[in-house]
Structure formats: C-alpha cells, structure tokens
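Take a look at the structure below.
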Amino acid sequence: MNIKISFIIPVFNVEKYIKRCILSIENQDIPREEYELIIVNDGTLDNSIEIIKLLQQQFSNIILVNKKNGGLSSARNFGIQYASGKYIWFIDSDDFIDSNVLRTIIDNAYKEDLDVLCFGNKDIYPNGKILYPYTSKPSKIVTGLEFLQHYQLSIAAWTCIAKKTLYTQYHIRFTEGIYHEDYEFILALYEHSCKIAYMDIYPYNYIIKENGTITTNKNSQHIKKRLDSWLCIIKNITHKYPNTTDPSTYSYYANRWCNVYKFHALSALILLPLPFNDKKNYIHKFQEIGCFPIGPCNLNMRRKFIAIIYSKPIFYTGVIAIFGVLNTFYKSMQRFFKF
C-alpha cells in the first residue's frame, strides 16, 4: 500500500512530551499502512529515544533515524530524504494533533491533487486556556501568487501539508542554524505551489510553555541569535526576490511580506533586553540590509503607524532610548514597591 503522508518529527530532549506526540499521530482514522512517522533523533541527550523504541514495538509505521545535533531546521531537512509519502507534515515533538483528523485531511488533499493544504491550530497555554489564532484564508483553490496577494500567511510549517515533490523538485529546505526558520520557508514553498487550499479545521495543538520559549529566554546569546536570525532571513529573502514595482510578480508580494518581517525584527530589537550600545550596533546592521524605511507591507493600521515611526534610524534610535529609560524606571518602581 502506498504511503499517503509522512510525518517528520525532530526530537531533542523531549522525554516529557514525545509519547503524547506519537500517540496522537497513531490515534487516527486511516490504516497505519497509509502513513509513516519519520522521527529524527537530533542528538538528544535524555530518555526520548528509549521511549520511542518502546513505541516502535507497538507501531510498525515508526521509523527512527539518527544524526548529530544541528537544530530544528537541520533535523527537518534530514528527515525529508527518508519520507516516502505523497505529502509531508512537519510536527514539533512537544506538540500533538487531534485524534481522527487524517482521513478528512488526506481526502481533501487527494481529491483536488493539491500542492499545499492549509489548516488552523490551537494555542494551548499552561493554565489550560485555548486560543484559535485567526488568519484570513481562501475559500477556493488558489496559486501561491494569489495567496500572497489576497490572504494572510501562516508562518508555521506545521499549519499545512505539502507534496514531497515540491521539496525534491525545487530543493525547498529550511535555513539551518537560525530561529524563525519558517518565515523564509513558507515563502519558498508557496512560490512553487499552483494549487493551495484551506480547511477550516484546527487539528494542530501548539503548546505554549511558561518561560520556555526563545521569546522569553533572556540569555544574551539567545537574544543575539534571534536578532542575527532576523538579519539572515531578511537578507536571504531580499536576495532571492528582487525588489520590483510589478504587482503581477511573486517577488512583488514576497517583498511586501519581507517588509512585515522587518517590522517584527525592529520591534524585537526594541523589546529584547540588550545593552543600548549593542542595540545601536544592530540598528546599523538592520540599516545595511535596507530595513529603513520598512516599505509597503501587509500590516494593520496601528502597526503601519508604528512602522512610520521606525522610518528613519535616528527616530528609531530615539524610540529605543526612550523605551530603555521607561523600562528601567518601571523596574525600579517594581523593586521599590515590591509588586
């Protein structure tokens, strides 16, 4: 029987979550002979692999492959070569999917021979709160160009399944060694997709961890890597998609989305806890790659107004300085009043 979909699951120090992730994928409404789990051991140091090997005894569609530690992007790229399914779905090992969703997803993808099938996700917080992030999505089949023209991009790789032939024919891969790798990846994927559709379902459960994400990590090394990642993404996109005023081209809309990423990068530099001199160095780096002014982009009115404030390095530097003073004052008040 042909494999219809391959799940690629990178694993690194996730012994608390990996069993839940795997069992959620095994609890589906299609025969296990029709799908496979490519689990990539990215040099994990805990007991994750022992847990996986026990589950392999129970489920014959689990394939475990091993590599040296290289990070999430490296593990995803490594897993692609082992996938034999028509479609690929990337799953993070600390998340999970709903039971009995594969039949609907597979049937919809196969019915129209889609290149990409998108769907929603649930954000699950430590206190049990569940949010359903909203993005505008098409009600018909569209091309990648049409999607960028009219709809809001989901930047998470796990909010869609895509044909493996896209990865092999166009050598679409994740940039390794950075954070936010999905931003660049999604643009590359949609560029070569002629048939994209959206299902109004929310099968993916994204676990929000308390003080456990990159955005909450205050380590200077992580902060600088996050900013360096934005620099890398923006440079790669602007190099791949030359700036143009022709609205009939994919490059035109890719640049508009890249300008959105510039906004996020500059906002991150304001908020992240770095010394002022370090921030000034990053302002110079962002200026070198064309982040001032941000340019036309798909932002709401409030963010567009903020983007205007970011328009010149001197104004932006002033915003950072003011924010730093206010943040220092707030922390002093916290210590004084102990709240």
Side-chain angles (χ1 to χ4, degrees), residues 5-28 35-56 58-59 61-80 82-83 88-99 101-102 119-133 154-161 174 176-183 185-186 202-219 222 225-226 229:
I5 186 167
S6 300
F7 292 87
I8 296 180
I9 311 162
V11 168
F12 181 76
N13 294 353
V14 286
E15 62 183 9
K16 294 180 180 179
Y17 312 104
I18 187 60
K19 184 175 182 180
R20 178 184 62 185
C21 177
I22 291 174
L23 291 180
S24 75
I25 300 171
E26 295 290 0
N27 189 22
Q28 296 300 322
Y35 67 103
E36 63 184 3
L37 286 69
I38 310 296
I39 300 179
V40 182
N41 171 20
D42 190 37
T44 191
L45 303 173
D46 63 3
N47 293 318
S48 297
I49 303 308
E50 285 73 14
I51 295 170
I52 293 165
K53 288 180 177 179
L54 286 174
L55 290 170
Q56 274 187 304
Q58 184 178 355
F59 304 110
N61 59 348
I62 295 176
I63 300 168
L64 177 63
V65 295
N66 303 292
K67 64 179 290 295
K68 292 181 179 179
N69 178 252
L72 179 64
S73 294
S74 175
R76 286 174 172 175
N77 291 341
F78 189 79
I80 290 172
Y82 294 95
I88 288 176
W89 189 354
F90 295 102
I91 305 286
D92 287 352
S93 50
D94 46 1
D95 299 329
F96 64 97
I97 65 172
D98 289 343
S99 302
V101 295
L102 270 189
F119 33 76
N121 71 279
K122 300 184 286 292
D123 288 346
I124 301 180
Y125 289 81
N127 62 3
K129 183 179 180 181
I130 299 176
L131 292 181
Y132 294 77
S154 292
I155 52 85
W158 33 255
T159 56
C160 69
I161 64 171
F174 295 88
E176 299 185 10
I178 65 170
Y179 298 143
H180 316 303
E181 60 281 327
D182 292 0
Y183 285 80
F185 163 80
I186 289 294
Y202 299 81
Y204 192 94
N205 298 278
Y206 175 59
I207 308 302
I208 308 292
K209 296 177 187 62
E210 191 170 13
N211 298 324
T213 65
I214 295 166
T215 54
T216 57
N217 195 315
K218 295 184 179 180
N219 180 281
H222 283 275
K225 183 174 179 180
R226 185 180 175 194
S229 296

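One-based numbering along the sequence shown.
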Distance in Å, [X] [atom1] paired with [Y] [atom2], rounded so as to fall on 0.5 Å steps:
X      : Y      : atom1 : atom2 : result
Leu45  : Asp42  : CG    : CG    : 10.0 Å
Ile97  : Asn121 : CD1   : CG    : 13.0 Å
Leu37  : Ile22  : CG    : CD1   : 6.5 Å
Ile178 : Arg226 : CD1   : CZ    : 13.0 Å
Phe96  : Asn205 : CZ    : CG    : 3.5 Å
Ile8   : Glu36  : CD1   : CD    : 8.5 Å

Which atoms form the tightest heavy-atom contact between [X] and [Y], and what is the distance?
X      : Y      : result
Pro203 : Gly120 : CD-O, 3.3 Å
Pro10  : Ser93  : O-OG, 2.9 Å
Leu102 : Gln28  : N-OE1, 3.1 Å
Leu72  : Glu181 : CD2-OE2, 3.4 Å
Ser154 : Thr159 : CB-OG1, 3.5 Å

Can you tell me which residue among Trp89, Tyr202, Tyr204 is in a ring-ring contact (aromatic ring centres under 6.0 Å, His included) with Phe119?
Trp89

Does any part of the side chain of [Y], heavy atoms only, come nearer than 4.5 Å to the side chain of [X], both counted from C-beta?
X      : Y      : answer
Phe7   : Ile62  : no
Ile155 : Phe185 : no
Lys122 : Asp98  : yes
Leu131 : Tyr125 : yes

Between Ser48 (side chain only) and Val14 (backbone N and O only), is there a donor and an acceptor less than 3.5 Å apart?
yes

Assign the ring pair His180 / Tyr183 to parallel, tilted or perpendicular, where the plane angle (0 to 90°) is split at 30° and 60°.
perpendicular

Return the orientation label for the His222 and Tyr179 ring planes: parallel under 30°, perpendicular over 60°, tilted otherwise.
parallel

Applying the side chain to side chain donor-acceptor pair (under 3.5 Å) criterion to Thr44, which one of Asn41, Asn47, Asp46 satisfies it?
Asp46

Would you call Asp92 and Arg76 a salt bridge, using N to O less than 4.0 angstrom?
yes

Between Asp94 and Ile207, is the side-chain contact (heavy atoms from CB on, under 4.5 Å) condition met? List the steps.
CA-CA 7 Å; Asp94 46 1; Ile207 308 302; 5.7 Å; no

Checking Glu26 against Leu55 for the side-chain contact (heavy atoms from CB on, under 4.5 Å) test, could you report, in this order, the C-alpha distance in whole Å, the side-chain angles of both residues, the deciding distance, and whether it holds?
CA-CA 10 Å; Glu26 295 290 0; Leu55 290 170; over 6 Å; no

For the rings on Trp158 and Phe90, is their centre-to-centre separation under 6.0 Å?
no

Enclosure of Lys19 NZ (heavy-atom neighbours >12, cutoff 6.0 Å):
no

